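Here the structure is a predicted model, which is why all the values come from computation and not from measurement. In what follows, every heavy atom counts, from backbone to side chain, and hydrogens, waters and symmetry copies are set aside.
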Amino acid sequence: QVQLVESGGGLVQPGGSLRLSCAASGFTLGYRAMGWFRQAPGKEREFVVAISASNSNTLYADSVKGRFTISRDNAKNTVYLQMNSLKPEDTAIYYCSADRSYGSSGRVFKSPDECEYWGQGTQVTVSS
């Protein structure tokens, strides 16, 4: 059974940091690009960042560039999202996702339609 389980969300003050984790089971994470999306109340799900299966390419949304960093540990079947300098507008449910494409080492994605697996989400709230 395929599962993506996010953790690490919570309440943080503006300017603070959080590190999200996404643990995969039921498939080999190392053969797929992985990404993070987020959805704020009343808004559509939006792309945050993606990383290729080979770890060689990353793609960031302009809104998080320079503040967020994605990484992966294929041996642990886990993807991470380090979020620094958090702003109130970063408040959302953050979802981990896995690419539909299998084995394309340098590929990254940006659209939710390109994702095959999703986690249940973890809430991030940035507020003083």
Side-chain angles (χ1 to χ4, degrees):
Q1 181 182 358
V2 171
Q3 275 193 309
L4 292 174
V5 179
E6 301 98 334
S7 61
L11 173 64
V12 64
Q13 291 188 342
S17 298
L18 281 175
R19 188 194 195 204
L20 306 184
S21 298
C22 172
S25 59
F27 73 100
T28 303
L29 181 146
Y31 290 118
R32 297 179 189 254
M34 298 293 296
W36 291 90
F37 289 76
R38 66 186 181 186
Q39 188 165 18
K43 294 188 176 181
E44 293 187 353
R45 190 168 298 192
E46 67 170 356
F47 169 77
V48 177
V49 60
I51 186 168
S52 63
S54 63
N55 214 9
S56 59
N57 292 327
T58 55
L59 181 65
Y60 289 86
D62 288 343
S63 59
V64 306
K65 207 172 290 184
R67 300 188 298 122
F68 290 11
T69 303
I70 190 171
S71 61
R72 63 192 298 158
D73 186 336
N74 289 341
K76 294 184 178 179
N77 242 28
T78 302
V79 178
Y80 305 97
L81 181 62
Q82 178 67 42
M83 304 187 295
N84 298 329
S85 302
L86 282 161
K87 304 174 181 180
E89 51 263 44
D90 294 318
T91 295
I93 300 175
Y94 282 71
Y95 297 91
C96 177
S97 63
D99 191 8
R100 291 187 182 280
S101 181
Y102 178 87
S104 299
S105 61
R107 171 185 156 81
V108 289
F109 58 86
K110 196 173 181 180
S111 168
D113 294 338
E114 297 176 271
C115 301
E116 181 166 1
Y117 305 128
W118 291 92
Q120 82 290 348
T122 185
Q123 177 70 48
V124 171
T125 303
V126 184
S127 175
S128 55

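Scanning for side chain to side chain contact (heavy atoms under 4.5 Å, CB included) contacts around Ala23 gives Thr78, with sequence neighbours left out. Considering only residues two or more places apart in sequence or on other chains, Gln39 meets the side chain to side chain donor-acceptor pair (under 3.5 Å) condition with none of them. Applying the side chain to side chain contact (heavy atoms under 4.5 Å, CB included) rule to Thr28 yields the partners Tyr31; only residues at least two apart in sequence or on another chain are considered. Among residues two or more places apart in sequence or in another chain, the salt bridge (charged side-chain N to carboxylate O under 4.0 Å, His left out) test is passed with Glu6 by none.
Annotation for Tyr95 and Gly119: closest pair CD2-O, 3.6 Å, computed over non-hydrogen atoms. In this structure, Ser127 and Pro14 approach most closely via the heavy-atom pair C-CD, 3.6 Å. Between Ala92 and Ala40, the shortest heavy-atom distance links the atoms CB-N, 3.8 Å.
Asn77 contributes atom CG, which lies 9.0 Å from atom CG of Leu4 (distance to the nearest 0.5 angstrom). With rounding to the nearest 0.5 Å, the separation of NZ in Lys110 from CG in Leu59 is 6.0 Å. With rounding to the nearest 0.5 Å, the separation of OG in Ser54 from CZ in Arg107 is 12.5 Å. Between atom OH of residue Tyr94 and atom CE of residue Met83 there is a gap of 5.5 Å, rounded to the nearest 0.5 Å. If you take CZ on Arg19 and CD on Gln82, they are separated by 6.5 Å, rounding to the nearest 0.5 Å. With rounding to the nearest 0.5 angstrom, the OG atom of Ser105 is 8.5 Å from the CG atom of Asn57.
Screening residues 64-82 for salt bridge (charged side-chain N to carboxylate O under 4.0 Å, His left out), with sequence neighbours left out, gives Asp62-Lys65, Arg67-Asp90. Screening residues 34-65 for ring pair (Phe, Tyr, Trp, His ring centres under 6.0 Å) gives Phe37-Phe47, Phe37-Trp118 as the qualifying pairs, with residues at least two apart or on separate chains.
Other residues, nucleotides and ligands place no more than 12 heavy atoms under 6.0 Å from the CD atom of Glu44.
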Q) Could you go step by step and tell me if Cys96 and Met34 meet the side-chain contact (heavy atoms from CB on, under 4.5 Å) rule? A) CA-CA 7 Å; Cys96 177; Met34 298 293 296; 3.8 Å; yes

Q.
For Phe109 and Ser97: C-alpha separation, side-chain torsions, deciding distance, then whether side-chain contact (heavy atoms from CB on, under 4.5 Å) applies.
A. CA-CA 10 Å; Phe109 58 86; Ser97 63; 3.6 Å; yes

Q. Would Ser63 and Arg38 satisfy side-chain contact (heavy atoms from CB on, under 4.5 Å), going step by step from the backbone distance to the final call?
A. CA-CA 12 Å; Ser63 59; Arg38 66 186 181 186; 3.5 Å; yes

Q.
Applying side-chain contact (heavy atoms from CB on, under 4.5 Å) to Gln123 and Thr91, what does each step give before you reach the verdict?
A. CA-CA 8 Å; Gln123 177 70 48; Thr91 295; 4.0 Å; yes

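Residues Val79 and Leu81 fail the side-chain proximity criterion, which asks for heavy atoms closer than 4.5 Å. Counting only heavy atoms from C-beta outward, the side chains of Phe68 and Leu86 approach each other to under 4.5 Å.
Linking Ile, Leu, Val, Met, Phe, Trp and Tyr residues whenever their side-chain heavy atoms come within less than 4.5 Å places Leu20 and Val12 in a single cluster. Put simply, Val124 and Val64 are part of the same group of oily side chains (I, L, V, M, F, W, Y) that touch within less than 4.5 Å, one to the next. Tyr117 and Ile70 end up in the same hydrophobic cluster when Ile, Leu, Val, Met, Phe, Trp and Tyr side chains are linked at under 4.5 Å.
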